[in-house]
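Notes to accompany the following structure.
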Amino acid sequence: MGAVDDTRPAVTRSARRAVSVASAVSLAVLLAGHVGSPNVYFTGMAGPYSVDVAIRPPLVVPGIADVYVKVGDSTVSRVVIRPVFWRAGLKGAPPGDDARPVAGRRGEFTGQLWLMASGAYGVHITVAGAAGSGAVMVPVASVATGELALSPFLKWLLGTLGVLLVAGAITAIHGAVGESQVPPGEQVAPDRRRRARMAAMVAAPALAVLLFGGAKWWDAEARRYVRTLYRPVSTRTGVTVDSMVPMLTQTVLDSGWRVGNVAAIMPDHGKLAHMFVIRADSPVVFAHLHPTMPDPSTLVTPLPPLPAGRYRVFTDLVHETGFERTLVDSFMLREAIGAGATPRLTEDEAWSSDVVNKVGVFPQAGGHDSTFFIKWDGPESVAARQQDVLRFIVSNRRGREITVEPYLGMSAHAVVERDDGQVFMHLHPNGTSSMASQLAFTLRDRGDTTTDGRLRLATDPMNQLRTPTLVKYLAFPYAFPSPGRYRVWVQIRTDGIVHTSGFEVHVNAPDSARVRR
Ligand SMILES: [Cu+2]
């Protein structure tokens with residue numbers, strides 16, 4: 001497994017390009033949409049009921065997803081979960097299964113779902129209680145990301161049983177031809193004994209051939225499976241400077257993608273792509289950009305001024321199938337760029353090179369300017385897999401709530417990255433799934449598609465924030481997947497300006513006493 005920051009500097013220098021820039025191709029093994037963080041978290045309404053959903057997708061496909069549903073209403077008596085594959089739609093989906101109540105935990109239900117194919121699934125959750133029934137859909141990317149290995153003990157046990165089985169089969173054939181033909185107590189005649197030996201001698205190579213064939217078949221199956229494993233799409237990222245303005249170009253190298261073998265990209269939050277450029281060797285430089293796509297395998301965006309250093313690039317895309325993916329790459333800047341130019345950014349793009357607030361060290365984290373404060377409200381000590389940890393208090397100078405304007409249809413955006421780049425997640429107060437993916441499923445279920453299977457994208461995504469709201473608390477449903485040092489950036493818009501606040505969080509190994517699930 002290559003690290004994200006496997007940079008192979010290939011410096012391009014020309015008279016017209018003011019700076020030399022190294023480009024890199026990353027070869028990291030990462031998950032679709034959710035880099036190193038496969039679990040799906042969702043907070044929202046199923047009709048009249050508030051629900052918190054956590055879904056752990058399987059490592060292999062077909063495989064079993066674990067689904068947890070927590071409902072806020074104590075009258076809820078039944079929770080039904082149902083997996084819908086994007087291509088099959090509701091009509092082609094298996095009937096739902098009843099989730100069972102978790103013993104000793106009021107309002108919590110759990111169940112398992114088979115995900116049979118690779119691609120986007122919508123998990124439909126229907127909740128029934130005193131206020132009637134309500135449903136909600138949570139998109140999940142189903143990808144085979146690994147092979148299940150046998151434990152050494154199981155290998156030894158199965159190997160021993162196999163040897164016994166073969167030995168037993170030969171003994172049985174020997175007996176069937178020899179002793180079993182003779183009444184009990186009688187001697188086995190020499191020619192019968194010889195025939196039995198012959199039979200065993202024929203059976204042994206025949207069994208060997210069968211075993212060999214079986215092993216061949218198994219290897220072929222395993223190879224076929226490995227071919228279906230999800231592989232990240234590799235890209236090349238380069239930075240050039242044209243009349244002082246630095247431009248980033250990310251090119252998809254995958255040949256299947258380049259000839260149009262992947263589903264079209266659909267806008268999410270009204271943008272085709274969300275690109276996050278994060279300095280690798282220091283957490284203080286962060287940019288949220290929206291590249292244009294002059295063709296389906298090229299992403300281009302102006303960059304804000306950036307100091308020299310190594311940068312990671314995470315580009316979130318959603319396919320029209322509802323499948324979310326993140327393109328991961330990195331680049332190196334030998335010197336600072338763009339310092340003299342006015343950043344050519346749109347009002348929906350934001351960048352920050354402020355100090356990152358270490359949680360526990362600077363609990364009074366400040367906003368971009370000091371018109372408001374955003375303070376870590378999660379636990380002082382965070383463990384991996386612990387839920388309800390990404391919480392913040394937002395206040396103005398007088399300690400009151402502030403008015404937050406919609407930023408790309410959301411009250412807030414959060415980006416989580418482990419400092420080695422192996423974990424990356426872009427999420428919102430309603431969870432980790434993109435609005436675009438939800439829209440894709442809704443349109444397909446309604447039959448809002450063209451004859452060639454494309455989505456009719458005239459519809460606006462639902463669940464969008466459209467008007468300014470008063471905000472005091474911000475919470476993002478999430479659990480850090482693994483221990484390590486993480487950076488978290490929170491973005492909100494006030495007075496027409498997008499503010500980015502950075503935090504550094506140390507995540508401890510899961511402590512069984514504290515983990516909620
Ligand atoms: Cu966002």
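Numbering of ligands and ligand atoms starts at 1, following listing order.
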Looking at H428, the N/O/S atom that lies nearest to the Cu ion (ligand 1) is called NE2
Q250 and T315: side-chain donor and acceptor closer than 3.5 Å?
yes
- Message: Salt bridge or not between K375 and D377? Use side-chain N to carboxylate O under 4.0 Å.
- Response: no
Closest to the Cu ion (ligand 1), among the N/O/S atoms of H413, is atom ND1
* Asked: Ion pair present between D419 and R485, side-chain N to carboxylate O less than 4.0 angstrom?
  -> yes
When rounded to the nearest 0.5 Å, the distance separating CG of D329 from CE of M275 is 9.0 Å
N/O/S atom of H274 under 2.8 Å from the Cu ion (ligand 1), yes or no? no
